[in-house]
Amino acid sequence: MTYKAYVFDAYGTLFDVHSVMEKIHEFFPDQGEEISKEWRSRQVHYFLVRQLIDAYRPFSEITEWALKDALLYSGVNAKPDMVADLKREYEQLTPYEEVHSLKERFPDRTLTIFSNGTNAMLEPLLEHNDLTDTFGLLSADAPKVYKPHPDAYHYAQEQLGLEKEEILFFSSNPWDITGAASYGIHTAWVNRKEQKWPELGMEPTHILNDLTDIPT
């Protein structure tokens, strides 16, 4: 069956979350990589904890909490205005180079972002990168349940109005791929760093190096 919709995770899949390093370097020279990695690791860990305890909080709050703790862990003293400036970088992340060509390459496909990020975070990000007309937008903030919970993917499927087998879901995050696969959606793991697929007892439908060669 030909896929009718391509659905993309945003952070790490379409946009490089570590492009924040440049801004971090402005405030804390030579610590950009360390703080960026710690920020992302804590961000994922914190929203998973909130999901497990069934106590949803918006991804914008999770992102700020993770940033503050990453800065503290890295031994830097960040003033509130610095934290605010760094958090805003999530609205200006750099897209991977092949992202801008997706609409032109697949004019007959529905292209949709499905992210744990809120619309208030994602809409400025798309506008900043001139991608507003490329992607539809679905946020886990609507059902108040984070991926990889099956209810999150069910929400996305309902909004698309398609059968599971008509959707191909792309993510660079194994936990996200596993969640979508468990729900029954075909998946494409975007393995930009050529890593080994983790032993999760479940495999992606496709494994890609990037978004230049997409299954149809």
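Sequential numbering from 1 along the given sequence is applied to the chain's residues.
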Check against side-chain contact (heavy atoms from CB on, under 4.5 Å), Phe114 and Tyr153: CA-CA 9 Å; Phe114 179 40; Tyr153 304 99; 4.1 Å; yes
Before you tell me yes or no, could you show the steps for Phe47 and Thr63 under side-chain contact (heavy atoms from CB on, under 4.5 Å), namely the whole-Å CA-CA distance, both residues' side-chain angles and the distance that decides it to 0.1 Å? CA-CA 9 Å; Phe47 80 68; Thr63 299; over 6 Å; no
Salt bridge (Lys or Arg N to Asp or Glu O under 4.0 Å) between Glu91 and Arg88: does it pass, once the steps are laid out? CA-CA 5 Å; Glu91 299 176 5; Arg88 277 194 294 271; over 6 Å; no
Test Leu102 against Ile214 for side-chain contact (heavy atoms from CB on, under 4.5 Å), laying out the working first. CA-CA 10 Å; Leu102 286 171; Ile214 291 180; 3.7 Å; yes
Hey, mind stepping through Val145 and Tyr155 against side-chain contact (heavy atoms from CB on, under 4.5 Å) and telling me if it holds? CA-CA 9 Å; Val145 58; Tyr155 163 77; 5.8 Å; no
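Using a 3.5 Å distance cut-off with no hydrogens or angles, the side chains of Gln157 and Tyr183 do pair a donor with an acceptor. Side-chain contact annotation: Glu127 with Thr132, donor-acceptor N/O pair under 3.5 Å absent.
Residue Asp108 places its CG atom among more than 12 non-hydrogen atoms of other residues, nucleotides or ligands, all under 6.0 Å distant. Within 6.0 Å of atom NZ in Lys87, more than 12 heavy atoms from other residues, nucleotides or ligands are found, so the atom counts as buried in its surroundings. Remark: Glu61 CD is packed, more than 12 non-hydrogen atoms of other residues, nucleotides or ligands lying under 6.0 Å away. Atom NZ of Lys37 has 12 or fewer heavy atoms from other residues, nucleotides or ligands within 6.0 Å. More than 12 non-hydrogen atoms from other residues, nucleotides or ligands lie less than 6.0 angstrom from CZ of Phe106. Within a 6.0 Å radius of NE2 in His128, other residues, nucleotides and ligands contribute more than 12 heavy atoms.
In this structure a side-chain-to-backbone donor-acceptor pair under 3.5 Å is present from Asn116 to Lys147. Side-chain atoms of His25 come within 3.5 Å of backbone atoms of Asp30 as a donor-acceptor pair (strictly under, hydrogens ignored). Formation of a donor-acceptor pair under 3.5 Å by the Lys103 side chain with backbone atoms of Asp133 is found in this model. Without hydrogens or angle criteria, Trp39 side chain to Leu71 main chain gives no donor-acceptor distance under 3.5 Å.
By the criterion of side-chain heavy atoms lying less than 4.5 angstrom apart, applied directly or through intervening Ile, Leu, Val, Met, Phe, Trp or Tyr residues, Leu122 is grouped together with Tyr56 in one hydrophobic cluster. There is a path of hydrophobic side-chain contacts, each under 4.5 Å, that joins Leu131 to Leu211. There is a path of hydrophobic side-chain contacts, each under 4.5 Å, that joins Val17 to Leu126. Linking Ile, Leu, Val, Met, Phe, Trp and Tyr whenever their side-chain heavy atoms come within less than 4.5 Å puts Met121 and Phe8 in one cluster. Taking hydrophobic clusters as Ile, Leu, Val, Met, Phe, Trp and Tyr residues chained together by side-chain heavy-atom distances below 4.5 Å, Ile113 does not share a cluster with Ile185.
Counting heavy atoms from C-beta on, the side chains of Ile24 and Glu89 never come closer than 4.5 Å. Side-chain contact between Leu137 and Phe135: absent, with no pair of heavy atoms (C-beta onward) separated by less than 4.5 Å. Counting heavy atoms from C-beta outward, Leu93 and Val20 have side chains that approach closer than 4.5 Å. With a 4.5 Å cut-off on side-chain heavy atoms, Pro174 and Leu200 count as touching. Looking at heavy atoms from C-beta onward, Phe169 lies in side-chain contact with Asp176 at the 4.5 angstrom threshold.
Between Pro204 and Ile177, the shortest heavy-atom distance links the atoms CB-CG2, 3.8 Å. Contact record, Glu34 with Ser74: OE2-OG, 3.4 Å, taken as the closest heavy-atom pair. The two atoms that bring Thr118 and Phe59 nearest to each other are CG2-N, 3.9 Å, heavy atoms only. Of all heavy-atom pairs spanning Leu125 and Gln92, the tightest one is CD1-N, 3.9 Å. Of all heavy-atom pairs spanning Tyr96 and Thr13, the tightest one is CD1-O, 3.5 Å. Here the closest heavy-atom approach between residue Trp175 and residue Pro148 is recorded as O-CB, 3.3 Å.
For residues 192-214, the pairs satisfying side-chain hydrogen bond (donor to acceptor under 3.5 Å, both in side chains) are Tyr3-His206, Glu98-Arg192, Lys196-Glu199, Asp210-Thr212, with sequence neighbours left out.
Going from atom NE2 of His45 over to atom CG of Asp69 covers 10.0 Å, rounded to the nearest 0.5 Å. Rounding to the nearest 0.5 Å gives a distance of 10.0 Å between NZ of Lys144 and CZ of Arg57.
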